[in-house]
Amino acid sequence: MFRNLLHITAPLLFPALLFCSGVRAQEVTPRIAGLERNAEYMSLLREQARLQSEEDSIVRVVAGLRQRFREEPVARQEIGRQLMALEERIFGIRGSRGGLMDRITAIEQEWVLAHLDAPQDDGISSAGEIESAPCRNLIYNAYFARELPAADYAALCRAQELELTAVEYVNRYYVAHRRLERLAEAYATAETEQLADSLHRLCSEAATANTTLSDSLAAAWNYIYDNKSYAYTYLLEKLGQYDILAHEGELYARASREISELRGRTASDAVVDYFLRKPVVVDYESKLAGLLDFDAALDSLRGVTAQIRLVDYRLAPVELQERYFLDYAPIVYSTRPVYSYQNPIPECRIHPHGTIYRLLLGTFNTKRAASVFRGASPLSYQIDEQGKWRYFAGGFATEEQAAEAQAEAKRRGFVRPEVVVWRDGTYRNLTRDPELTKRYYRVEIEGTLSDAVRGVITDRAGGRELSRTGEGRFMLGLFDEQAEAARVAEALRAADPALDIRLDEVVEIVE
């Protein structure tokens, strides 16, 4: 699968398309013969090779650090920081290489356009006939320049030039998507709010960059497809090859259906579109190369087809579940003072997101000393809209935990401790104004869904929705009854014991 290919040092999906070779920085060869005397072009190739060498070195270091990360749990925090720094450097190198590629491609495009009529480059003999060994690049054979209207041939050449750009966009997108996945993984396990905030910002920036790359790929690829398919259809009609045209129409319809089915379900619609319609274009080209006996071009196109089949284009969307670092803490009762003049009771922190329960120990007209609260901690205060002082204790993730703390506070002599809650910054006193709730249950599944598992879902889940929540992660439900959800979960475990299956409770607040 392609996702594993991202871990190797070669940065490009289609080396056959890009005419790349493994060269050292000081030994570069022009990708197009005739450009070796272009000083700028050769300098750019050397810099590109140097960056590649640097990236390869860093990738080797990263591989070693990842091994240590797995084997040395105690050092993971420091190793993780080193990995992030190195991956940032790799990302920067690849960005620089992207800029170099744009300029290299521009020089090559200018050269190709200026030399389209040169016999040594388009496979035409001095007599104006196609030679027995045509050009490996299909459209630079003389047949296309001769048979297509000038404007259409110019558009076809432009489309061919953009193929390099499209491949570069694809490669850069895969690198950027993997970086976003790693950032999201780091964000999900960040131990401090400060680190999480920093990683969340980097995730947002990476997601924006990915969207830009996806849009750029879509623009380049749409131009390529429209102009290539038009030119090839025109030529096949001239040749009377209506059976081939009907076949290509079927391929296009099949690709369009799959594109429609996957729209919005992967990380990039543009990547899906590219890898599903690209084989249609290559099939067009292969059929033409076969009809015209352009064996060299046909051989090259077979290599492209083989490369495309290796690619996993169904990249999973990166789901970034926002984390809230709420200050949960049980209430502790101490005989020794916790708060003093030097360590006063702090103001209650209001979190803009998330849910936290506390105990309201009392509301007063004026500020109170910590000794009033019977050694309870942690404490916090808030001055309400009427200027009164509210004093709170503890911080709890669930209403049940808060209710237990409330019962304990009453046993310790508090007259009327009240359970309060903040949801996304909105305050509510549940003791005085209780909420009505409805509870639902869902089954969370992690792993690969086999046919047997999917059969259980069809037979036992009663038509409930199965949705994908991440790479290898799914959610089934909702169920009204916990027992029903538990029966489905047990059936799934029996169908595939390797699956990680959990029940999750969803509470809906009914105002």
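The side chain to side chain donor-acceptor pair (under 3.5 Å) test applied to Arg68 returns Glu72, not counting sequence neighbours. Not counting sequence neighbours, the partners of Asn227 by the side-chain contact (heavy atoms from CB on, under 4.5 Å) test are Ala155, Ala159, Tyr223. Asp327 pairs by the salt bridge (charged side-chain N to carboxylate O under 4.0 Å, His left out) definition with Arg358, not counting sequence neighbours. Residues forming a salt bridge (charged side-chain N to carboxylate O under 4.0 Å, His left out) with Glu193 (at least two apart in sequence, or on another chain): Arg349. Taking the salt bridge (charged side-chain N to carboxylate O under 4.0 Å, His left out) definition, one finds that Asp269 meets it with nothing, sequence neighbours left out. Scanning for ring-ring contact (aromatic ring centres under 6.0 Å, His included) contacts around Phe373 gives Tyr391, with sequence neighbours left out. Glu446 is linked by a side chain to side chain donor-acceptor pair (under 3.5 Å) to nothing, counting only residues two or more places apart in sequence or in another chain. Looking at residues two or more places apart in sequence or on another chain, you find a salt bridge (charged side-chain N to carboxylate O under 4.0 Å, His left out) between Asp433 and Arg428.
Listed by first and then second residue, the side chain to side chain donor-acceptor pair (under 3.5 Å) pairs that reach into residues 480-489 are Arg464-Glu484, sequence neighbours excluded. Screening residues 192-215 for ring-ring contact (aromatic ring centres under 6.0 Å, His included) gives Tyr187-His200 as the qualifying pairs, with residues at least two apart or on separate chains. Sequence neighbours left out, the pairs with a member in residues 377-386 that pass side chain to side chain donor-acceptor pair (under 3.5 Å) are Gln382-Arg390. The salt bridge (Lys or Arg N to Asp or Glu O under 4.0 Å) analysis of residues 202-224, with sequence neighbours excluded, yields the pairs Arg201-Glu205.
Ring-centre distance between Trp422 and Tyr427: below the 6.0 Å cut-off.
Within 6.0 Å of atom CD in Gln194, 12 or fewer heavy atoms from other residues, nucleotides or ligands are found, so the atom counts as exposed in its surroundings.
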